[in-house]
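A short worksheet on the structure shown next.
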Amino acid sequence: MEYFAKFTRHIAAPRKAQAEGATQLAKFEKAWKTIQSICYYQSKWHGMSVDKTPLPAQLVVMFDLLVQEDIQQSDSDDSTTGACMEYLLGNNILDELVKLAECDQPMGVRGVVISNLSTFVSLTDDKLLVQKAVHNPILELLRSYSAHRAAAAESGVAQSVASLFSTHQHIYDDDFVDLMYAICSK
């Protein structure tokens, strides 16, 4: 009889972990839906600074949940991915975030996405970078940044317009350096 009692205790423990994972997934999905509504459906945010929107806070929630989940997985020596990470990978969320960063609407979202990505890369497990759903969007972000820099340097645009674009582009230089450092340190 004692044997079955011990066995029952071990079965009950994963239910709590599953309930916690479901709660985290619900928070993650809610944050992602909020980001989508801000960027795609609510035109009132376009042209505004990203600081005046709830977007930075929602991105922080998403990436914090991913990092927490990764830490829990590594602490428990579990080789599977968590629910939030599966949702991120399965729904190509990083691709969407990179597209948002490229158009930079609301203004400043590029810097927020880049800084959150660099934190995410530096705090999560190395094996995550080789995932196609993570590697390709980060590579695309780096390529688009390099292309914008090269276009600004080589274009025959009037000097005043070029200087405005160059100043706008330089705003994100520190964030890109942080992202490159996070990638190279892995």
Side-chain angles (χ1 to χ4, degrees), residues 7-46 50-106 108-142 144 175 178-179 182-183 185-186:
F7 184 68
T8 308
R9 257 184 294 171
H10 292 289
I11 292 175
R15 290 183 189 156
K16 183 178 178 183
Q18 288 176 352
E20 183 179 317
T23 303
Q24 287 182 331
L25 181 61
K27 289 178 185 177
F28 187 84
E29 286 178 333
K30 181 181 177 191
W32 175 237
K33 299 292 183 197
T34 303
I35 290 169
Q36 286 179 315
S37 73
I38 290 169
C39 295
Y40 296 125
Y41 308 119
Q42 295 182 4
S43 61
K44 68 180 181 181
W45 300 112
H46 290 285
V50 74
D51 297 332
K52 295 179 182 176
T53 69
L55 194 106
Q58 296 302 318
L59 278 170
V60 168
V61 166
M62 282 178 55
F63 284 108
D64 281 352
L65 287 169
L66 288 168
V67 169
Q68 288 172 5
E69 187 177 77
D70 188 61
I71 291 169
Q72 288 172 352
Q73 297 292 98
S74 63
D75 287 347
S76 66
D77 293 329
D78 191 4
S79 62
T80 62
T81 56
C84 295
M85 189 64 71
E86 285 292 330
Y87 188 84
L88 175 95
L89 298 174
N91 293 307
N92 296 323
I93 291 176
L94 289 180
D95 281 329
E96 294 295 319
L97 288 175
V98 167
K99 289 176 187 173
L100 290 174
E102 287 176 354
C103 68
D104 203 22
Q105 284 298 322
V109 72
R110 183 180 300 158
V112 174
V113 168
I114 295 167
S115 65
N116 279 295
L117 271 176
S118 65
T119 303
F120 173 68
V121 167
S122 65
L123 294 177
T124 54
D125 193 14
D126 300 350
K127 67 181 179 183
L128 189 63
L129 278 177
V130 298
Q131 293 286 332
K132 184 178 180 181
V134 175
H135 176 78
N136 287 347
I138 291 175
L139 190 59
E140 183 61 33
L141 185 64
L142 295 173
S144 70
D175 295 324
D178 291 342
L179 179 59
I183 292 170
S185 68
K186 292 291 179 168

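Computed over heavy atoms, backbone and side chain alike; hydrogens, waters and symmetry mates excluded. As the structure is a computational prediction, the values presented were derived from the model and not from experiment.
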Give, for atom [atom1] of [X] and atom [atom2] of [Y], the distance between the pair rounded to the nearest 0.5 Å.
X      : Y      : atom1 : atom2 : value
Asp70  : Phe120 : CG    : CZ    : 7.5 Å
Ile71  : Leu123 : CD1   : CG    : 6.5 Å
Ser122 : Leu179 : OG    : CG    : 9.5 Å

Open item on the list: Let's go through Ile93 and Phe28 carefully: what are the C-alpha distance in whole Å and the side-chain angles of both, what is the deciding distance for side-chain contact (heavy atoms from CB on, under 4.5 Å) to 0.1 Å, and is it a yes or a no?
Closed with: CA-CA 11 Å; Ile93 291 176; Phe28 187 84; 3.7 Å; yes
Taking the side chain as every heavy atom from C-beta outward, state whether [X] and [Y] have any atom pair closer than 4.5 Å.
X      : Y      : value
Asn136 : Val98  : no
Ile138 : Val121 : yes
Ile183 : Leu142 : yes
Val50  : Pro56  : yes
Ile38  : Pro54  : yes
Ile35  : Met62  : yes
Gln36  : Glu96  : no
Lys30  : Lys33  : no

Open item on the list: Tell me every residue that passes salt bridge (charged side-chain N to carboxylate O under 4.0 Å, His left out) with Lys186, counting only those two or more places apart in sequence or in another chain.
Closed with: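 Listed in chain order: Asp126.
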Open item on the list: Please find the pair of heavy atoms, one from Ser118 and one from Ala182, that lie closest to each other, and give the distance.
Closed with: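 For Ser118 versus Ala182, the nearest heavy atoms are O-CB, 3.6 Å.
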Task: Shortest non-hydrogen contact between Lys27 and Leu65, atoms and distance - done: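 What the structure gives for the nearest pair is CB-CD1, 3.7 Å.
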Task: side-chain contact (heavy atoms from CB on, under 4.5 Å) assessment of Leu141 paired with Leu94 - done: CA-CA 10 Å; Leu141 185 64; Leu94 289 180; over 6 Å; no
Okay, side chain of [X], backbone of [Y]: is any donor-acceptor separation there less than 3.5 Å?
X      : Y      : value
Asn116 : Val112 : yes
Glu69  : Met85  : yes
Asp178 : Ser115 : no

Task: Test side chain to side chain donor-acceptor pair (under 3.5 Å) applied to Thr81 - qualifying residues, sequence neighbours left out - done: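 Listed in chain order: Glu86.
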- [ ] Could you go through the side-chain contact (heavy atoms from CB on, under 4.5 Å) check for Val113 and Phe63 one step at a time?
- [x] CA-CA 10 Å; Val113 168; Phe63 284 108; over 6 Å; no
Task: side-chain contact (heavy atoms from CB on, under 4.5 Å) assessment of Leu88 paired with Trp32 - done: CA-CA 10 Å; Leu88 175 95; Trp32 175 237; over 6 Å; no
